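Data first, discussion second: the structure below is written as C-alpha cells.
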Number of protein chains: 2
Amino acid sequence: MELNQQAEKFYQAWGSLGSNWGINKTMAQIHALLLISENALSTEDIMEKLKISRGNTNMNLRALMDWGLIQKEHITGERREYFMAEKDIWKVSRLIARERRKRELEPALRLLEEIRAVKDTDASTKKFKKQIEEVYKFTAMVDSILEKFIKSNNSWMMKIFSYIAK
Amino acid sequence: MELNQQAEKFYQAWGSLGSNWGINKTMAQIHALLLISENALSTEDIMEKLKISRGNTNMNLRALMDWGLIQKEHITGERREYFMAEKDIWKVSRLIARERRKRELEPALRLLEEIRAVKDTDASTKKFKKQIEEVYKFTAMVDSILEKFIKSNNSWMMKIFSYIAK
DNA sequence: TGAAACTTTCAAATATTTCTGAAACTTTAT
DNA sequence: ATAAAGTTTCAGAAATATTTGAAAGTTTCA
C-alpha cells in the first residue's frame, strides 16, 4: 500500500470520527491532514486534497488557529500563506482540553454558581439545593483538574498518568 | 424565588449546555429534570414539564437507559412506568465516561491500530508511521486510564483527584 | 376475549449545522 | 496608482439531526 493511500485513509476516517467528538468533519480532516503532513500546506493544497471549497477551508483553518492547533508559516520568497500543525500529541491534547473546558465546562459552572447563590430557606427546596451543590462541587473539581492539566507539561502528565495506571 | 422556577432554570439551561457536550438537547433536559426530581416521573409528567412530544420523550428516555443514567421504576398499584435517575454524581460521571469512551475513543483506536499494522519499509513513510505511532500510543494510554476510571469507585476517584490537585 | 391504558415506532416536517462560490476586501510588487 | 495574487466574508444551498404525531404494538384486567 502506498503512503498516500494510508494517509488519505487516516485523514478521511479521522474526519468522520471528529463528528463524534463534537468537532466538525472538515475541521477534523484538515487537522488530521496537517498532523501527518511533513511540510506546511497552502489553502490550495488543502482544498485540492480534501475536495472542499475555499470558504469552507478558510473558515476551518481559522477555527483551528483559534484552538491553537495550527499556525501560519511564511515561506520566504512565497507570497502565499502556509499552515502547519502542532505535532506533539501531548501538547495537542492540552490545547484541546483548554478549548473543551472553555466551551463545555465553564458555562455549566457558571449556571451552577448562579443557582446555588440564590438564598432559600424553604424546606421543600432542601433536597434540590443539596443535589445542585453535589453537582457543583463535582464540576468545580473537574474544572480545577483540567486547569492544572492544561498548564502542565509533558513530564507532569506522564507522572500523573503512570500514577493512575499503577 | 420559587423552587419550580429555579428547577426549571436548571433543566432548561442544562439542555442548551448539553449541545456543547454532543448530547442532544432533549436528552440533556430529561436527564437534568430527573436528576433534581425527588420522585420518579412518568412519560406524561416529562412531556408536560418539558413541552415535548411523546415520541421525542420516549426516544430520549430509551437513550438515557442505554447510557445507564436512568432506570424504570414500577410503582405498585400503578400501571404506568416511572423513571428515576442515578443521583450520585460520581457514578453518573463514570457512566458518561463509559459511553464516551465507547463512542469517541474506541473507534479512533481501531483506526490507528489498522494503519500501524500495515507493514511498510519505504523510507518516505517513516515520518508518517512515526507520527501515527505517537498518536496511537497516546490514544491507547488515555483509553486505559478511562477504563480504570470507569471500573473504579468513588473513593479511588477521590484519591486520584487529590493526588492530581496537590 | 376485548377494550382500555399505555408504549413504541417511524415517515414526514422542522430546525440546525455545514458548505459552497462568488463578490468584496487586502496585500504586494512594479 | 494599479493590477495581480491572495484572503475573507456571507447569503443561500445542501446536508444532518431532531422532533412531531399518528398508527401500530403491547400489556393488563374485567
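Here is the naming used below: chain letters follow the sequence lines, and residue numbers restart at 1 for every chain. Just so you know, these numbers come straight off a predicted model, no measurement behind them.
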Identified salt bridge (Lys or Arg N to Asp or Glu O under 4.0 Å) partner of Glu104(A) from the options Arg101(A), Lys102(A), Arg100(A): Arg100(A)
Can you tell me the distance, in whole Å, between the [atom1] atom of [X] and the [atom2] atom of [N]?
X	N	atom1	atom2	answer
Lys51(B)	dT19(D)	NZ	P	16 Å
Asn24(B)	dT19(D)	CG	C1'	9 Å
Ile23(A)	dT17(C)	CD1	P	16 Å
His74(A)	dT27(C)	NE2	P	12 Å
Gln29(A)	dC19(C)	CD	C1'	12 Å
Leu41(B)	dT7(C)	CG	C1'	17 Å
Leu61(A)	dT9(D)	CG	P	13 Å
Met47(A)	dC19(C)	CE	P	14 Å

Hey, are [X] and [Y] close enough for a salt bridge, meaning a charged N less than 4.0 Å from a carboxylate O?
X	Y	result
Glu44(A)	Arg80(A)	no
Glu133(B)	Lys130(B)	no
Lys9(B)	Glu114(A)	yes

First encountered from the 5' end of DNA chain D, between Arg80(A) and Asn60(B):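 The 5'-side residue here is Arg80(A).
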Of Glu81(A) and Lys25(A), the one whose closest DNA chain D nucleotide lies more 5': Glu81(A)
Out of dT20(D), dT7(C), dT8(D), whichever nucleotide has its closest atom nearest the side chain of Lys72(A):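 Of the options given, the side chain of Lys72(A) lies nearest dT8(D).
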Side chain of Ser53(A), heavy atoms from C-beta onward: which of dT20(D), dT20(C), dT7(C) has the nearest atom to it?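 Selected nucleotide: dT20(C).
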Select base, sugar-phosphate, or nothing to describe what Glu44(B) touches, counting heavy atoms under 4.0 Å on all strands.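 If one applies the 4.0 Å heavy-atom cut-off, Glu44(B) turns out to touch nothing in the nucleic acid.
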Run the ring-ring contact (aromatic ring centres under 6.0 Å, His included) test against Tyr163(A) and tell me which residues pass, sequence neighbours left out.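 If we apply the ring-ring contact (aromatic ring centres under 6.0 Å, His included) test to Tyr163(A), skipping adjacent residues, the hits are Tyr163(B).
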Does the side chain of [X] get closer than 4.0 angstrom to OP1 or OP2 of [N] through an N or O atom?
X	N	value
Thr26(A)	dT18(C)	no
Arg62(B)	dT9(C)	yes
Arg54(B)	dG21(D)	no
Asn58(A)	dT7(D)	no

Write down the partner of dA24(C) under the Watson-Crick or G-U wobble criteria, each distance required to be under 3.5 Å.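 Because both required distances fall under 3.5 Å, dA24(C) counts as paired with dT7(D).
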